[in-house]
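Treat the numbers as computed from the prediction; the structure is a model and nothing was measured. When reading the values below, keep in mind they use all heavy atoms of this one structure, side chains included, and skip hydrogens, waters and symmetry mates. Each chain gets a letter, A, B and so on, in the order its sequence line appears, and its residues count up from 1.
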Protein chains: 2
Amino acid sequence: MKLSTRSRYGTRLMLDMAENYNNGPIHLMKIAQRQGISVKYLEQIIIPLKKAEYVKSLRGPKGGHILAKPPEEITVGEIVALLEDGASLTECSYNEGVCERADICPTRQLWRDAAQAMFKTLEAVTLADLLEKTKANQK
Amino acid sequence: MKLSTRSRYGTRLMLDMAENYNNGPIHLMKIAQRQGISVKYLEQIIIPLKKAEYVKSLRGPKGGHILAKPPEEITVGEIVALLEDGASLTECSYNEGVCERADICPTRQLWRDAAQAMFKTLEAVTLADLLEKTKANQK
DNA sequence: ATTATTCTATACTGCAAAGTTATAGAATAA
DNA sequence: TTATTCTATAACTTTGCAGTATAGAATAAT
């Protein structure tokens with residue numbers, strides 16, 4: 001039930017891009033160095049973020065990646081749901097076909113409620129909020 | 001970030017014992033049959049539940065397992081926290097030694113808040129609550 | 001006492017997913 | 001034309017989940 005490195009690194013990746021939102025496209029190499037994560041791994045993680053149109057990219061020299069929307073409009077909940085493959089704690093949450101007992105299962109609704117409480121918390125925080133917090137922490 | 005079968009099966013195991021709380025010790029074989037889970041696996045899962053004194057056991061013929069407290073006094077949150085190895089979403093939540101950035105990390109607190117929201121939901125539900133719900137669902 | 005039954009302890013195994021790296025190719029600014 | 005950066009696909013390694021096996025200890029029933 002722990003978060004994977006995908007969503008944790010992905011959040012840091014997005015946060016790094018948020019920090020550089022006004023500096024044009026940033027290359028992954030730079031982000032990798034700053035965050036201490038391998039470029040190759042970040043290249044994997046950024047794919048779904050591009051597909052979901054949170055990130056735009058440009059190839060070639062002076063290329064790089066940049067947020068497709070301002071940091072105020074992207075929440076951590078969206079990032080985590082994307083990289084963790086859904087905002088649920090069980091397969092049965094939004095697909096009752098995977099379990100015969102789904103319709104009478106007393107815990108199914110509970111797992112759903114718990115996941116919702118968790119994601120409600122994450123969706124209340126934007127990248128801009130995290131940036132502010134970073135500055136506050138560094139003082 | 002999905003729940004493991006350990007906590008899901010563990011919850012069903014506890015729920016089965018809750019249902020039989022007034023029938024004396026139940027052997028795992030019976031529970032395994034009812035729940036469609038292998039005895040061997042349940043034997044593994046029940047160990048931490050015994051250590052944490054949620055379950056008492058008796059060996060020999062007519063032996064079996066029984067809840068150590070009434071179903072009203074055991075919450076799903078306790079079971080899940082026990083079987084998922086803590087009520088957190090990251091290793092750093094309650095052990096900052098695992099990450100250099102722990103003290104300035106802007107996401108660390110957020111992962112903690114999210115986990116807390118989730119477990120607050122799970123801790124609000126007891127085995128007795130789930131039993132009631134089961135009856136309601138079967139009507 | 002002996003036996004059948006049930007739990008207990010420990011160790012092992014298979015497999016899928018997580019995490020990571022490698023290679024080759026396509027786009028583009030200089 | 002070249003250097004640079006992203007893109008696509010595949011391969012690899014490690015870890016941990018899920019499940020099984022074996023041997024042993026306790027105890028109720030006979």
Side-chain angles (χ1 to χ4, degrees), chain A residues 1-13 17 20 23-33 35-68 80 82-86 89-91 98, chain B residues 1-13 16-17 20 23-33 35-68 80 83-86 89-91 98:
Chain A
M1 199 211 34
K2 296 286 184 279
L3 289 176
S4 66
T5 57
R6 268 170 72 85
S7 57
R8 288 187 290 111
Y9 291 1
T11 303
R12 280 164 62 193
L13 169 62
M17 285 189 280
N20 292 285
N23 304 340
I26 307 296
H27 25 287
L28 270 189
M29 177 75 89
K30 282 283 182 192
I31 300 179
Q33 283 169 354
Q35 300 295 330
I37 304 171
S38 91
V39 186
K40 282 291 160 198
Y41 197 23
L42 286 181
E43 280 172 349
Q44 295 305 315
I45 294 172
I46 210 171
I47 293 172
L49 293 166
K50 285 171 50 59
K51 281 200 180 142
E53 297 188 340
Y54 290 116
V55 176
K56 284 183 300 190
S57 309
L58 281 107
R59 300 207 232 193
K62 300 273 173 175
H65 303 274
I66 188 169
L67 294 187
V80 173
L82 193 70
L83 295 175
E84 292 286 345
D85 198 33
L89 286 167
T90 54
E91 283 307 318
V98 297
Chain B
M1 199 210 33
K2 297 286 184 280
L3 289 175
S4 67
T5 56
R6 267 170 72 86
S7 56
R8 289 187 290 112
Y9 291 1
T11 303
R12 280 164 61 192
L13 169 62
D16 195 295
M17 284 189 280
N20 290 285
N23 303 340
I26 307 295
H27 24 288
L28 271 190
M29 176 75 90
K30 282 282 181 193
I31 299 179
Q33 285 169 350
Q35 300 296 330
I37 303 171
S38 92
V39 186
K40 281 291 162 198
Y41 197 25
L42 286 181
E43 280 172 352
Q44 294 305 314
I45 293 171
I46 209 170
I47 293 172
L49 293 166
K50 282 172 51 61
K51 281 198 182 146
E53 298 189 340
Y54 290 116
V55 176
K56 284 182 301 189
S57 310
L58 281 109
R59 300 206 229 193
K62 300 270 172 178
H65 304 275
I66 187 169
L67 293 185
V80 173
L83 295 175
E84 293 286 345
D85 198 31
L89 286 167
T90 55
E91 283 307 319
V98 297

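The distance from atom CG of B:Leu42 to atom NE2 of B:His65, rounded to the nearest 0.5 Å, is 9.0 Å. Separating the CD atom in A:Glu84 from the CG atom in A:Leu3 is a distance of 5.0 Å, to the nearest 0.5 Å.
The CZ atom of B:Arg59 sits 15 Å away from the C1' atom of C:dA4 (whole-angstrom rounding). Atom NZ in B:Lys56 sits roughly 20 Å away from atom P in D:dA26 (whole-Å rounding). Distance CG (B:Leu58) to C1' (D:dA26): 10 Å, rounded to an integer number of Å. Between the C1' atom of C:dT20 and the CD1 atom of A:Ile47 lies a distance of 13 Å, rounded to the nearest Å. When the P atom of D:dC17 is taken as reference, atom OH of B:Tyr9 falls 14 Å away, rounded to whole Å. Rounded to whole Å, the distance from CG on A:Leu83 to P on C:dA17 is 18 Å. With rounding to whole Å, A:Lys2 atom NZ is found 12 Å from D:dG16 atom P. Rounded to an integer number of Å, the gap from CD1 of A:Ile45 to P of C:dG19 is 9 Å.
Here C:dA29 sits opposite D:dT2 as a Watson-Crick or G-U wobble pair (both hydrogen-bonding atom distances under 3.5 Å). Across every strand in view, D:dG19 sits in a pair with C:dC12 that passes the Watson-Crick or G-U test at under 3.5 angstrom. Base-pair partner of C:dA18: D:dT13 (Watson-Crick or G-U wobble, both distances under 3.5 Å).
Annotation for B:Ala32 and B:Val39: closest pair CB-CG2, 3.7 Å, computed over non-hydrogen atoms.
Considering only side-chain N and O atoms, A:Ser38 lies under 4.0 angstrom from the phosphate OP1 or OP2 of C:dT21. Side-chain nitrogen and oxygen atoms of A:Ser57 include at least one within less than 4.0 Å of the OP1 or OP2 phosphate oxygen of D:dT7. Applying the 4.0 Å criterion to OP1 and OP2 of C:dC7, one finds that B:His27 has every side-chain N and O outside that range.
Closest contact between the side chain of A:Tyr41 and the listed nucleotides D:dT27, C:dT21, D:dT7 involves C:dT21.
Side-chain atoms of B:Ile46 and B:Met17, non-hydrogen and from C-beta on, do get closer than 4.5 Å to each other.
B:Lys30 comes within contact range of no nucleotide atom at all, as no heavy-atom separation falls under 4.0 Å. Looking at heavy-atom distances under 4.0 Å, B:Ile46 makes no contact with the nucleic acid at all. Nucleic acid contact class of A:Ile26 (heavy atoms, under 4.0 Å, all strands): sugar-phosphate only.
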**OP:** Go through the steps to decide whether B:Leu13 and B:Gln35 satisfy the test side-chain contact (heavy atoms from CB on, under 4.5 Å), and finish with yes or no.
**Re:** CA-CA 8 Å; B:Leu13 169 62; B:Gln35 300 296 330; over 6 Å; no

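Judged by distance alone, with hydrogens and angles left aside, B:Gln44 brings a side-chain donor or acceptor within reach of the base of C:dT10, the pair sitting under 3.5 Å. Contact annotation: side chain of A:Lys40 to base of C:dT23, donor-acceptor pair present below 3.5 Å.
Looking at B:Ile47, B:Leu49, B:Ile66 one by one, the single match for side-chain contact (heavy atoms from CB on, under 4.5 Å) with B:Val55 turns out to be B:Leu49.
Judged by closest nucleotide on DNA chain C, A:Leu3 is the one of A:Pro61 and A:Leu3 placed further toward the 5' end.
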